[in-house]
Amino acid sequence: MIPIVKPYLPPREDLLPALENILYSGYIAEGEKVYEFERTFADYVANPFSLSLNSGTAALHIALMLAGVGEGDEIISTVLTAEPTNVAIKLMGAKVVWADVDASTGLLDPADVRKKITEKTKAIMLVHYAGMVADLTAFQQLSAEFNIPIIEDAAHALGAKYNGQPLGGISDYTIFSLQAIKHMTTVDGGFLCVKNKEQADRARLLRWFGLDKTKPRLENDITTPGYKYHMNNVNATIGLVQMGYVREIVGKYIENGKFFDQALQQTAGVELLQYYPGTEPSYWLYTMKVDRREDFIRMMAENGVAASELHLRNDRHSVFNESKTELPVFDEFYKKMVHIPCGWWLTEEDRERIATVIKKGW
Ligand SMILES: *Cc1c(COP(=O)(O)O)cnc(C)c1O
């Protein structure tokens, strides 16, 4: 069965010597390898204020702290995402406020978000679901008009672009995940990208107990408690080796995604999604709408291809009961939404065959 997600690890002749070196180097905690990885990643996303962390969830947590989110605040978000996006909001004691999606993309609808803004709104959580890029033009306008920061959850969207610029340097906060099945993995890890040195310095304190690494331990004074969210040299070494492959690997997702965009046009029972002007998705999954989804999934399985909705709409979790609201557009979208594999592991024959079986119908 061709899976929907699969970890990419570099060739062992590249990865294992580097790993062996660092494991026995006597320095496996946060050190030079971490800083080197940060610089390389910062180049890739074109933002010097990029901090490594031990997960994408840690990055979400710190972004919310930097945005000043606390008890009783509201964060506008989407139900169409992996749970960490919204669980992190709950961890801050804030309320998740669901906004509806755009029927043609499945991504947050700026017009509905506008309706949900109140005096308590502290941030907009903008998820670039499945590697598609949200309507940043509209959201940047909203953010400026109401003076509310945007936190971009780009865990699915490494390598995606907006007006030619990689995600990571656009809004006040952007987070990435380097968890097992994302475009690039360090086994576990994450990045938080911010827009200035002050925020980066605060984030650096928050990721390591509140201690200032630039000062000797005995001269340190913790003023705000921080977490243990930093990356270590071992994960960073994997990351550094991955950086040698990331353009090629992300490129494969994009090539496959563009292939399906073409090959599946005008297919009976399939409605392709749209992309906002100026956006270049990185197609972590290939997402589309299909008629009779259960039959579609069965037909794909019979042909050896995994297909599924993958994520449970987040408002189904009891922890979000207080946020219950009507989401009529999403309800319709979710009935038909399905993902098919689109990653680096697909061969040209695989993707041709996938398109052929879909075109045959179900
Ligand atoms: C994976 C993921 C995260 C969390 O990243 P971790 O590195 O697993 O903590 C956050 N948001 C989304 C949308 C994700 O898919």
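The basis for the numbers below is simple: all heavy atoms, side chains too, and nothing from hydrogens, waters or symmetry mates. Nothing here was measured: the structure is a model prediction, and the numbers come from that model. Every number for a ligand or one of its atoms is a count from 1 in the order of the listing.
Below 30°, between 30° and 60°, or above 60°: for Y8 and Y245 the angle between ring planes is between 30° and 60°, a tilted geometry. Below 30°, between 30° and 60°, or above 60°: for F41 and F37 the angle between ring planes is above 60°, a perpendicular geometry.
From the protein, the heavy atom lying nearest to atom 3 (C) of ligand 1 is P84 CG, 3.5 Å. Looking only at heavy atoms of the protein, atom 11 (N) of ligand 1 is closest to D153 OD2, 2.7 Å. When hydrogens are left out, the protein atom nearest atom 9 (O) of ligand 1 is T57 OG1, 2.5 Å; that is the closest non-hydrogen contact. Regarding atom 15 (O) of ligand 1, its nearest protein heavy-atom neighbour is H156 NE2, 2.7 Å. Nearest non-hydrogen protein atom to atom 1 (C) of ligand 1 is K182 NZ, 1.5 Å. The protein non-hydrogen atom at the shortest distance from atom 5 (O) of ligand 1 is S177 OG, 3.2 Å.
Put simply, the side chain of T185 gets close to the backbone of Q179: a donor and an acceptor are under 3.5 Å apart. The backbone N or O of E326 sits nowhere less than 3.5 Å from a side-chain atom of W98 that would complete a donor-acceptor pair.
Of all atoms in ligand 1, numbered sequentially from 1 with element shown, those under 4.0 Å from a heavy atom of A155 are 2 (C), 3 (C), 10 (C), 11 (N), 12 (C), 13 (C), 14 (C), 15 (O). If you number the atoms of ligand 1 from 1 as listed, the ones under 4.0 Å from a heavy atom of G189 come out as 7 (O).
When only interatomic distances are considered, the shortest N/O to N/O separation between G56 and ligand 1 falls below 3.5 Å. Taking only nitrogen or oxygen atoms, main chain and side chain alike, Q179 does not reach within less than 3.5 Å of ligand 1. Checked by distance only, ligand 1 and T81 stay at 3.5 Å or farther apart across all their nitrogen or oxygen atoms.
Atom CZ of F333 and atom CD of E271 lie 8.5 Å apart (nearest 0.5 Å). S282 OG to K182 NZ: the interatomic distance, rounded to the nearest 0.5 Å, is 12.0 Å.
Side-chain contact between K289 and V338 is absent, with no heavy atoms from C-beta onward closer than 4.5 Å.
T186 and Q242 are not linked by any side-chain donor-acceptor pair at a separation below 3.5 angstrom, with hydrogens and angles left out of the test.
Proximity of A88 to ligand 1 is not established, as no heavy-atom distance is less than 4.0 Å.
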